[in-house]
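Atom set for the values below is all heavy atoms of this structure, side chains included, hydrogens, waters and symmetry mates excluded. Quick note on labels: first sequence line is chain A, next is B, and so on, each numbered from 1. Since this is a predicted model, take the numbers as computed values, not measurements.
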2 protein chains.
Amino acid sequence: MKKQQINYKARAAIIKAIAHPSRLFIIEELNKGKRSAGKLTEMIGADPSTVSKHLGILKNAGLVFDEKRGTTVYYHLKAPCILDFISCVEAVLETNARTQLEIVRRCKR
Amino acid sequence: MKKQQINYKARAAIIKAIAHPSRLFIIEELNKGKRSAGKLTEMIGADPSTVSKHLGILKNAGLVFDEKRGTTVYYHLKAPCILDFISCVEAVLETNARTQLEIVRRCKR
DNA sequence: GTTATACTTTGCTATATTGCCAAATAACAA
DNA sequence: TTGTTATTTGGCAATATAGCAAAGTATAAC
């Protein structure tokens with residue numbers, strides 16, 4: 001495999017780590033401050049093991065880091081610039097919605 | 001499903017569309033200007049049907065649009081802000097590499 | 001009409017991801 | 001030691017994704 005292709009693969013791996021509703025939620029929540037695994041589990045409303053796995057994926061991608069205090073594990077956001085990107089995604093969503101609206105309008109005529 | 005959860009799902013779907021080496025390559029290439037499906041296929045070096053599917057995924061996510069001229073189909077980037085995000089991913093990759101380097105150094109001692 | 005070119009769609013198999021449950025681990029308290 | 005709380009890990013079934021090959025569509029040239 002070529003050097004360039006490896007780079008694309010590495011970048012895609014990080015983006016893939018963000019590409020999940022729960023993980024997206026976790027990133028946005030951690031942007032507000034550190035949160036425990038339990039707190040995030042409660043907010044998401046899934047099985048603790050499921051959320052733990054999501055946190056593991058984000059940690060493995062280097063997007064968050066954990067800090068253990070007693071029995072609870074606090075997670076912190078490592079790359080806040082990810083948030084800028086999410087705002088771009090929001091813009092894409094809005095454009096898509098506008099396009100859909102335009103299609104609906106045209107059909108009405 | 002809650003309103004907020006739908007939003008996270010919609011955003012994750014767009015991010016998922018970007019989260020693939022070939023699709024990442026396509027986005028960066030289209031940032032330089034429009035490219036035909038054939039040209040992109042040649043650059044990626046995969047089956048035309050495979051690249052066509054990737055282009056379909058990007059189009060479906062609202063990230064690119066196509067313009068047919070004769071028998072060739074040209075693809076255009078729709079959301080250039082996606083590129084800003086990729087630079088953030090690059091930064092994450094660099095941080096991860098640095099961390100790895102630090103671990104290696106510590107083991108040497 | 002036929003043929004060629006440029007793509008896309010369908011069908012299929014291999015592989016990856018997701019999420020729950022149950023079991024394991026870690027830290028602490030009684 | 002035993003129990004309790006907080007979290008992670010392993011196992012497994014359901015679902016989603018990726019990529020090749022073959023068939024299908026569209027446009028242009030002859």
Check your understanding: Should we say atom NZ of A:Lys59 is surrounded by more than 12 heavy atoms from elsewhere, each under 6.0 Å from it?
Key -> no

Study note, to complete from the structure: Closest to the side chain of A:Lys53, out of C:dG11, D:dT9, C:dT8, is D:dT9

Review point. Under a 4.5 Å cut-off applied to non-hydrogen side-chain atoms, are B:Glu29 and B:Leu40 in contact?
Key: yes

Check your understanding: Rounding to a whole Å, what distance do you find between B:Lys9:NZ and C:dT18:P?
Key -> 13 Å

Review point. Of all the nucleotides listed (D:dG19, C:dT8, C:dC20), which has the minimum atom distance to the side chain of B:Leu55?
Key: C:dT8

Exercise for review: For A:Arg69, answer base if it contacts any base atom (sugar-phosphate contacts may also be present), sugar-phosphate if it contacts only those atoms, and nothing otherwise; contact means non-hydrogen atoms under 4.0 Å.
Suggested key: nothing

Check your understanding: How would you label the contact of A:Lys68 with the nucleic acid (heavy atoms, under 4.0 Å): base, sugar-phosphate, or nothing?
Key -> sugar-phosphate

Review point. So what does A:Lys59 hit on the nucleic acid, given a heavy-atom distance under 4.0 Å: a base, only sugar-phosphate, or nothing?
Key: nothing

Practice item. Report which part of the nucleic acid A:Tyr74 touches: base, sugar-phosphate, or nothing (heavy-atom distance under 4.0 Å, all strands). Key: nothing

Practice item. Mind calculating the distance between CD1 (B:Ile57) and P (D:dA16) to the nearest angstrom? Key: 14 Å

Exercise for review: To the nearest Å, give me how far apart NZ (B:Lys16) and P (C:dT17) are.
Suggested key: 11 Å

Study note, to complete from the structure: A:Asp66 CG to C:dT25 P, in whole Å, measures 19 Å

Review point. Hey, is NZ on B:Lys34 packed in by over 12 heavy atoms from elsewhere, all under 6.0 Å?
Key: yes

**Study point:** Whole-Å gap separating P (D:dA18) and CD1 (B:Ile26)
**Key:** 12 Å

**Study point:** Side-chain donor/acceptor contact of A:Ser49 with base of C:dC21 under 3.5 Å
**Key:** yes

Exercise for review: State which of D:dT7, C:dC20, C:dT18 makes the closest approach to the side chain of A:Ala46.
Suggested key: C:dC20

Check your understanding: Nearest to the side chain of B:Thr71, which nucleotide is it out of D:dA18, C:dT5, D:dT9?
Key -> C:dT5

Review point. Separation of B:Asn60 atom CG from C:dT9 atom P, in whole Å?
Key: 11 Å

Exercise for review: For the pair B:Thr50 (side chain) and B:Ala46 (backbone), establish whether a donor and an acceptor sit closer than 3.5 Å, ignoring hydrogens and angles.
Suggested key: no

Check your understanding: Counting just side-chain N and O atoms, does B:Thr50 come under 4.0 Å of either OP1 or OP2 of D:dC20?
Key -> yes

Practice item. Determine the contact category for A:Thr41: base if any of its heavy atoms lies under 4.0 Å from a base atom, sugar-phosphate if only primed atoms, P, OP1 or OP2 are that close, otherwise nothing. Key: nothing

Point to revise | Candidate nucleotides C:dT8, C:dC21, D:dT7, ranked by approach to the side chain of B:Val73 - the nearest | key: C:dT8

Review point. In whole angstrom, what separates B:His20's NE2 from D:dA16's P?
Key: 18 Å

Point to revise | Candidates C:dC20, D:dA6, D:dA21 - which lies nearest the side chain of A:Asp47 | key: C:dC20

Review point. Which nucleotide in the set C:dT17, D:dC20, C:dA6 lies at the smallest distance from any side-chain heavy atom of B:Thr72?
Key: C:dA6

Exercise for review: Look at atom NZ of A:Lys78 and say whether more than 12 heavy atoms of other residues, nucleotides or ligands are closer to it than 6.0 Å.
Suggested key: yes

Review point. Given D:dG19, C:dG19, D:dT7, which nucleotide is nearest the side-chain atoms of A:His54?
Key: C:dG19

Point to revise | Position toward the 5' end of DNA chain C (nearest nucleotide), A:Gly70 or A:Arg23 | key: A:Arg23

Exercise for review: Rounded to the nearest angstrom, tell me the gap between atom CD1 in B:Ile18 and atom P in D:dA18.
Suggested key: 13 Å

Review point. For residues B:Glu67 and B:Tyr75, is any side-chain donor paired with an opposing acceptor at under 3.5 Å?
Key: no

Exercise for review: Would you indicate, yes or no, if C:dA6 has its OP1 or OP2 atom less than 4.0 angstrom from a side-chain nitrogen or oxygen of B:Tyr75?
Suggested key: no

